[in-house]
Amino acid sequence: MKLSAAVLAGWMVSSAWTTEALSPALRTAMVPALDIPAGHLVVGHEIWEGRRRLLGAVRVASGARLTLAPGTIVEAATTSGVIVIDRDARLDADGPGLDPVVMGCADGGTSRGWWAGVVINGDAPLASGTPTSPAVRGTGASGCFEMVADGLTGAFGGCDAADSSGVLRFVRIEHASRGLELNGVGNRTVVSHVQVHGSATHGLTIRGGTVGLWRVLVTAPGGPGMTWRDGWIGIAQSIGVQRIATDTAALVDGLGAAAGAGPTFHNISLFGTGTGPAIRFTGGGHFVLGNGLIAGMASALDLDGAPACAAAAAGALRVFETTLLAVAREDDADPDVECPTAERDVLDRPGDHLQVMSSASGPGAVVAGFATTLPDFRPRTGGGIAPGVAPVGFSWFEPSSAAEQRGMTPATNAPGGASIPWFSGWTVDGAPGSVPFGTVTGMLASSAGAAIGGALIRVEQADAPGVSAANGSYTVGLARPGTRAVTVENLPAGCSVGPTTVSVSANATTIADLVATCAPAPIQPTAIRLTYICGTTFRVRNGNLAPVIVTWDVAGTAERGTLQVPARAYSALFSEVFFTTVATGTVRLFFNGAQVDVKANGGFVCP
């Protein structure tokens, strides 16, 4: 159904969203779907139009191009459905406002996570990886950082900041597990008027690159609305995230930040309920947010870990001309022990004009930002939200006059100058159906048995990674059912974990102990120590990264014994075991037949 410009303008002023013209029933009835077989590889130039039904993974090979005509509907019929754009390939999906390109579930399904989503790999720079990228088009530059995130994505990253992976304009990606992933994507790629709705985990993930974002909306994600890592340094304007009753952050930065660089946001609206913060920082890169509107979150900002604290101390994090509307508190309820006041220091910096409005002000300050049906994030005229400032420093997408407000900008081409949301007429709303997730837990240790703490464990299509504790234990929640790849990062030097998969079951916990292969560590007898405790109790400590078998005897008697002392954890100085003798006397400790320590019985009474 198409509406005239005059009718559309009148309708949109009173209602921000429409699903009528693009309801699942009407979509299904449009035309018969053409099946795309699993494993389909696009070479050359393919043009899809009408309805296409994915029976599995589709890959666009390097040098190839996939064009999705206006109004094309791509429906995934299986959980393995995904579209992957290889490095040096293109995806051109350019749907005019009332004819968006829609990618979602077959048969009008509305449950989170029953297909994988869209992954685009580019040739733009990363902050880390291996310096082995191939020659880029045009300049021929090579040897920049590249990486492979997992078995699905393929390689990404390179030497071309101005790389183009195509066009995403007036595009909806619905109910995917991974949402939209932009890996090493360059700034000549167009990402404009894109909605990611009802994803099972992250809505939008950006790994490195220089891609810019304009008018991007993430609604009802099961995990964080938007995450970035590995040195993304793009600009983003008129961005909206609506988080419905989840406890993850709306924006999350990650590890591998670029030194002295990071993304810059302007005109951003973060609306949500639940206990999580609006913005969480774990990496050490730069971040600038201007003209923000943060509403309904439990807290505005959460800094986690030493890199985030260091970035705050260096002045690398800035939030200015921003309004907190019905936000419970500025700082996270559990401040990082390394910088307990840094969150407030960032938000309350003099001259940055933070505005805090109480919950009593909330309902009248915006049109309908908290609604799950027909939400409208525009500030209400006379609602009390302070004006913003014109963005500077970059070639921004919006005219300065339109960008001088807090939160997402309205449309700039509305008939009669009306303030019409740019997301009217082509986006969807509503809470998606739930997907029963599973949990993966276990222990991480070297093959010698040394517990490894501080490692990052990622389970494919899980909400967020887990971090191993000092004893090697870890837990990864919100994992999507199925056979999932497990990857481990931040391992000690010389250690690696080979390809690993785990079978995740819905509403169940799966045990997956992980073993790292580490370079053999020589056993130092001097790191094996004996200590007298009290009575006839002694202690043996092992400072080696490998277990040791020791023997002991009580001098002048026939009493002797054998002990196995575990390897110390990588995060610990030693492991220890205790033993008690029958006889009272001096105890000698032996390793490989040689005496390594001796301690007399001190005659202390045990408490």
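Checking side-chain atoms of S575 against main-chain N and O of P566 turns up a donor-acceptor pair under 3.5 Å. Judged by distance alone, with hydrogens and angles left aside, the side-chain atoms of T536 form a donor-acceptor pair with the main-chain N or O of T581 at under 3.5 Å. The closest donor-acceptor contact from the side chain of N542 to the backbone of A546 lies under 3.5 Å. The backbone N or O of G234 lies less than 3.5 Å from no partner atom in the side chain of T210, so there is not a single donor-acceptor pair. Between the E460 side chain and the A485 main chain, a donor and an acceptor come within less than 3.5 Å of each other. No donor-acceptor pair under 3.5 Å is formed between the side chain of S142 and the backbone N or O of P134. When atom types are taken as modelled, the side chain of N121 and the backbone of T153 share a donor-acceptor pair closer than 3.5 angstrom. No donor-acceptor distance shorter than 3.5 angstrom exists from the side chain of T510 to the backbone of V440, with no hydrogens or angles considered. The closest donor-acceptor contact from the side chain of E559 to the backbone of V582 lies under 3.5 Å. When atom types are taken as modelled, the side chain of T501 and the backbone of T483 share no donor-acceptor pair closer than 3.5 angstrom.
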For this session: Before giving the answer on ring pair (Phe, Tyr, Trp, His ring centres under 6.0 Å), spell out for F590 and W552 the whole-Å C-alpha distance, their side-chain angles and the decisive distance to 0.1 Å.
Result: CA-CA 6 Å; F590 301 88; W552 57 268; over 10 Å; no

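Around CZ of F604, the count of heavy atoms belonging to other residues, nucleotides or ligands within 6.0 Å does not exceed 12. Heavy atoms from other residues, nucleotides or ligands lying under 6.0 Å from CD1 of I511 number more than 12.
Summarising the geometry, atom OG belonging to S165 is positioned 8.0 Å from atom CG belonging to D123; distances are rounded to the nearest 0.5 Å. Taking CG of D304 as the reference point, atom CD of E343 lies at 8.0 Å (rounded to 0.5 Å). In this structure, OG1 on T487 lies 8.0 Å from CG on L456, to the nearest 0.5 angstrom. In this structure, OG1 on T586 lies 7.5 Å from CZ on F538, to the nearest 0.5 angstrom. The OG1 atom of T537 sits 9.0 Å away from the CG atom of N601 when rounded to the nearest 0.5 Å. Rounding to the nearest 0.5 angstrom, the gap separating the CG atom in L324 from the CG atom in L301 is 10.0 Å.
Using a 4.5 Å heavy-atom threshold, the side chains of L530 and V598 count as separate. D230 has its side chain within reach of M147: a pair of non-hydrogen atoms, C-beta onward, lies under 4.5 Å apart.
Here the options are L182, L180, V82, the test is side chain to side chain contact (heavy atoms under 4.5 Å, CB included), and the partner is V118; only L180 passes.
Ion pairing between R87 and E146 holds under the 4.0 Å rule for side-chain N and carboxylate O.
At least one cation-pi condition fails for R568 and F574: the charged atom is not both under 6.0 angstrom from the six-membered ring centre and inside a 45 degree cone around its axis.
Classified by interplanar angle (parallel below 30°, tilted 30° to 60°, perpendicular above 60°), the ring pair W228/F281 is perpendicular.
Summarising the geometry of G472 relative to S468, their closest heavy-atom pair is O-CB, 4.0 Å, with the distance given to 0.1 Å.
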